[in-house]
S.K.: 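One structure follows; several queries about it will come next.
Being a predicted model, the structure only gives us computed values, none of them experimental.
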Amino acid sequence: MRDVIVLGMRNKLAGKYTGKSESSRYYATNAEARRKKNAYNKRYHATEDRKEYRAELNAANRKMGRKGDGKDASHTRAGAIVLEQAARNRARNGSGGRRLL
């Protein structure tokens with residue numbers, strides 16, 4: 001039944017900004033601001049600290065065999081690496097930067 005295409009039906013939300021955060025809408029509509037943000041992110045993520053951070057997590061994921069199980073290797077406040085649901089780990093800084101671990 002999934003392969004059936006219903007003619008005449010349209011996605012009313014297509015092209016709308018429904019469900020996006022305020023900052024996401026801002027960068028979607030301001031090309032110059034988005035360019036500056038992407039340039040900053042490119043420099044930031046190219047720093048040695050960020051490369052080491054990613055390498056540490058990638059090594060932990062490899063060691064634990066974490067491929068496709070929905071879990072991430074996550075740093076705690078104490079600096080330990082623990083398994084955590086990917087959605088929870090990646091959402092932590094989104095809603096007011098609340099800390100869960």
Side-chain angles (χ1 to χ4, degrees):
M1 195 69 188
R2 283 186 109 156
D3 296 329
V4 176
I5 299 173
V6 180
L7 299 177
M9 299 284 296
R10 292 175 48 116
N11 181 357
K12 293 178 184 177
L13 300 177
K16 304 280 192 250
Y17 296 113
T18 304
K20 289 189 178 180
S21 67
E22 188 175 336
S23 61
S24 167
R25 287 194 305 268
Y26 173 77
Y27 288 118
T29 56
N30 293 281
E32 181 62 19
R34 184 173 59 249
R35 185 194 64 74
K36 289 170 88 171
K37 177 181 182 291
N38 289 339
Y40 167 79
N41 283 340
K42 184 176 179 181
R43 287 191 311 274
Y44 173 72
H45 289 291
T47 63
E48 286 303 313
D49 284 344
R50 296 315 296 173
K51 288 179 184 178
E52 289 172 14
Y53 179 83
R54 286 194 306 272
E56 184 181 356
L57 290 178
N58 287 337
N61 277 321
R62 249 192 326 275
K63 182 178 177 184
M64 292 183 248
R66 305 281 104 187
K67 196 70 173 171
D69 66 353
K71 304 269 187 183
D72 273 350
S74 171
H75 283 103
T76 63
R77 289 184 195 186
I81 296 179
V82 297
L83 291 180
E84 184 178 19
Q85 292 176 347
R88 186 173 177 186
N89 181 34
R90 297 172 190 191
R92 180 171 302 114
N93 292 326
S95 181
R98 69 186 186 283
R99 302 292 302 226
L100 301 176
L101 287 177

S.K.: Kindly say whether His45 contributes a backbone atom to a donor-acceptor pair with the side chain of Arg54 at under 3.5 angstrom?
M.R.: yes

S.K.: Can you tell me how far the CD1 atom of Ile81 sits from the NZ atom of Lys63, to the nearest 0.5 Å?
M.R.: 9.0 Å

S.K.: Determine the minimum heavy-atom distance between Ala33 and Tyr27, stating which atoms define it.
M.R.: O-CE2, 3.7 Å

S.K.: Tell me, do His75 and Leu57 make a side-chain contact under 4.5 Å, heavy atoms counted?
M.R.: yes

S.K.: Output, in order, the C-alpha distance, side-chain angles, deciding distance and verdict of salt bridge (Lys or Arg N to Asp or Glu O under 4.0 Å) for Arg35 and Glu32.
M.R.: CA-CA 5 Å; Arg35 185 194 64 74; Glu32 181 62 19; 2.7 Å; yes

S.K.: Mind listing the closest non-hydrogen atom pair of Gln85 and Lys71 along with its distance?
M.R.: N-CD, 4.4 Å

S.K.: Rounded to the nearest 0.5 Å, what separation is found between the NZ atom of Lys36 and the OH atom of Tyr40?
M.R.: 13.5 Å

S.K.: Looking only at non-hydrogen atoms, find the nearest pair between Ser74 and Glu84 and report the distance.
M.R.: OG-OE1, 2.8 Å

S.K.: Could you give the distance from CZ (Arg34) to OG (Ser24), rounded to the nearest 0.5 Å?
M.R.: 10.0 Å

S.K.: Considering all heavy atoms of both residues, which atom of Met64 and which atom of Ala73 are nearest to each other, and what is their separation?
M.R.: CE-CB, 4.2 Å

S.K.: Distance to the ring centre below 6.0 angstrom and angle to the axis at most 45 degrees; does that hold for Arg50 and Tyr53?
M.R.: yes

